[in-house]
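Lettering of chains follows the sequences in order, A, B, ..., and the numbering in each one begins at 1. For the numbers below, each heavy atom of this structure counts, side chains included, while hydrogens, waters and symmetry mates do not.
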Protein chains: 2
Amino acid sequence: MQEIASEAGVNQALLHYYFRSKERLSAAVFQQIASRIFPALAQTLGADISLDEKIGRLIAIYLDNLSQNRFVPGYLISELHHHPERVEQLLSGALGADPGLVMPAVVRSLERQINDGVRAGVLRPIKAQQFVINLISLCIFPFAARPMLSIVFGMDDAAFDRFIDQRRKELPEFVRSALRP
Amino acid sequence: MQEIASEAGVNQALLHYYFRSKERLSAAVFQQIASRIFPALAQTLGADISLDEKIGRLIAIYLDNLSQNRFVPGYLISELHHHPERVEQLLSGALGADPGLVMPAVVRSLERQINDGVRAGVLRPIKAQQFVINLISLCIFPFAARPMLSIVFGMDDAAFDRFIDQRRKELPEFVRSALRP
DNA sequence: GTCTATATTTCGATAGAC
DNA sequence: GTCTATCGAAATATAGAC
């Protein structure tokens with residue numbers, strides 16, 4: 001709390017005045033972040049566009065967004081790890097809906113789109129759920145593991161920027177190729 | 001500390017007797033985990049086997065290992081996030097070597113292997129570093145994000161097990177297909 | 001080495017002046 | 001609304017008996 005207050009240029013008392021407790025401040029942060037990340041995912045995957053287009057848009061959105069909020073994936077995963085029992089309530093607050101309803105619907109519509117592609121001979125059969133999780137894994141993980149990648153691959157900040165730029169270009173083709181028969 | 005001591009069937013005082021401080025206990029845990037995860041990665045990627053074989057082995061090793069230690073990715077990323085300044089020292093302690101030297105060598109040898117495949121017309125050009133990070137992203141992220149996936153996709157423990165089982169079968173072909181021209 | 005009891009520090013939260 | 005000063009709880013670390 002002291003660290004947050006300092007960075008905000010105020011003191012702990014003021015943080016408590018606004019958020020009432022550390023847990024509520026934490027929830028506010030989590031929900032603000034989640035409400036930016038999830039709707040974009042569901043909206044893009046559920047849009048009436050080609051699968052290649054969805055892949056391109058999603059990767060662009062996530063890499064751009066996370067480049068400017070590098071701490072977000074690490075923070076989110078840390079919160080998931082330390083307070084898994086709070087996640088459901090936090091998510092439903094962030095989405096304004098039952099979090100267990102949105103994605104399964106998206107997955108079912110994706111499943112149809114994939115099946116169409118398989119019948120047309122342009123796609124390899126793959127479970128839609130696995131595909132979605134592959135896509136977000138490839139986008140989010142490098143940011144979450146950034147401190148380790150930086151050391152293991154000797155990347156400073158500039159090198160990590162270049163790495164992500166390269167990823168913006170290469171990742172869409174990687175995923176599209178993965179889906180081809 | 002109390003929680004750890006209880007689970008271990010001892011008390012806090014004994015933890016301090018062995019580890020001297022919370023930070024040192026934390027470092028011991030981190031290093032033990034890191035020393036299991038990284039050598040397997042470098043060893044497999046550096047082995048004298050085909051790329052397809054490397055992909056298959058790595059995915060099998062990681063998914064098997066993480067299935068039995070589900071908390072590890074979340075814990076590691078949480079530690080990276082909260083104490084990034086300690087990571088370098090912890091890693092060098094875990095590897096018994098400069099952590100910045102091992103992977104770049106592996107990447108260079110992979111780069112050669114990929115270039116050979118590209119010349120032979122069986123591989124798409126891809127940066128070895130991107131490939132390695134794609135591979136570990138796909139293996140590790142689902143475990144790190146598990147509490148969220150569980151809620152968003154409505155997975156209980158058994159469903160998550162099935163999800164990982166399915167992944168064991170599908171992921172190798174996903175990655176191999178991604179590399180084909 | 002292992003315990004109980006206790007000291008010390010840290011941190012979240014509140015009181016009260018302005 | 002915002003601050004300083006302080007309380008009280010919790011957690012880390014240590015002392016000392018066995």
Can you give me every donor-acceptor pair (side chain of residues 143-151 of chain B, partner residue at least two apart or in another chain, under 3.5 Å) with its distance?
| unit_1 | atom_1 | unit_2 | atom_2 | d |
| --- | --- | --- | --- | --- |
| B:Arg146 | NH2 | B:Asp157 | OD1 | 2.6 |
| B:Ser150 | OG | B:Arg146 | O | 2.9 |

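- Rounded to an integer number of Å, the gap from A:Ile4 CD1 to C:dA13 C1' is 15 Å.
- In this structure, the side chains of B:Phe19 and B:Ser26 stay at 4.5 Å or more apart for every pair of heavy atoms.
- The ring pair (Phe, Tyr, Trp, His ring centres under 6.0 Å) analysis of residues 106-140 of chain A, with sequence neighbours excluded, yields no pairs.
- For residues 79-87 of chain B, proximity to DNA chain D is found at no residue, defined as any non-hydrogen atom under 4.0 angstrom from a strand atom.
- Between B:Glu23 and B:Arg86, at least one side-chain N (NZ, or NE/NH1/NH2) sits under 4.0 Å from a carboxylate O, which counts as a salt bridge.
- Annotation: ring pair (Phe, Tyr, Trp, His ring centres under 6.0 Å) contacts involving residues 39-84 of chain A, sequence neighbours excluded, are absent.
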Using residues 174-181 of chain B as the side-chain source, report each donor-acceptor pair under 3.5 Å to any protein atom, sequence neighbours left out, with the distance given to one decimal.
| unit_1 | atom_1 | unit_2 | atom_2 | d |
| --- | --- | --- | --- | --- |
| B:Arg176 | NE | B:Asp52 | O | 3.4 |
| B:Arg176 | NH2 | B:Asp52 | O | 2.8 |
| B:Ser177 | OG | A:Ser177 | O | 2.9 |
| B:Ser177 | OG | A:Ala178 | O | 3.1 |
| B:Ser177 | OG | A:Arg180 | O | 3.2 |
| B:Arg180 | NH2 | B:Glu173 | OE2 | 2.8 |

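- Within residues 8-23 of chain A, the residues approached by DNA chain D to less than 4.0 Å at the level of any non-hydrogen atom are A:Val10, A:Asn11, A:Ala13, A:Leu14, A:Tyr17, A:Tyr18, in residue-number order.
- Here the P atom of nucleotide C:dT4 and the CD atom of B:Gln2 are 11 Å apart, to the nearest Å.
- Checked by atom type and distance alone, the side chain of A:Lys54 never pairs as donor or acceptor with a backbone atom of A:Thr44 at under 3.5 Å.
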For side chain to side chain contact (heavy atoms under 4.5 Å, CB included), just list the numbers for A:Phe141 and A:Ile136, CA-CA rounded to whole Å, side-chain angles, deciding distance to a tenth of an Å, and then say yes or no.
CA-CA 8 Å; A:Phe141 184 82; A:Ile136 66 175; over 6 Å; no
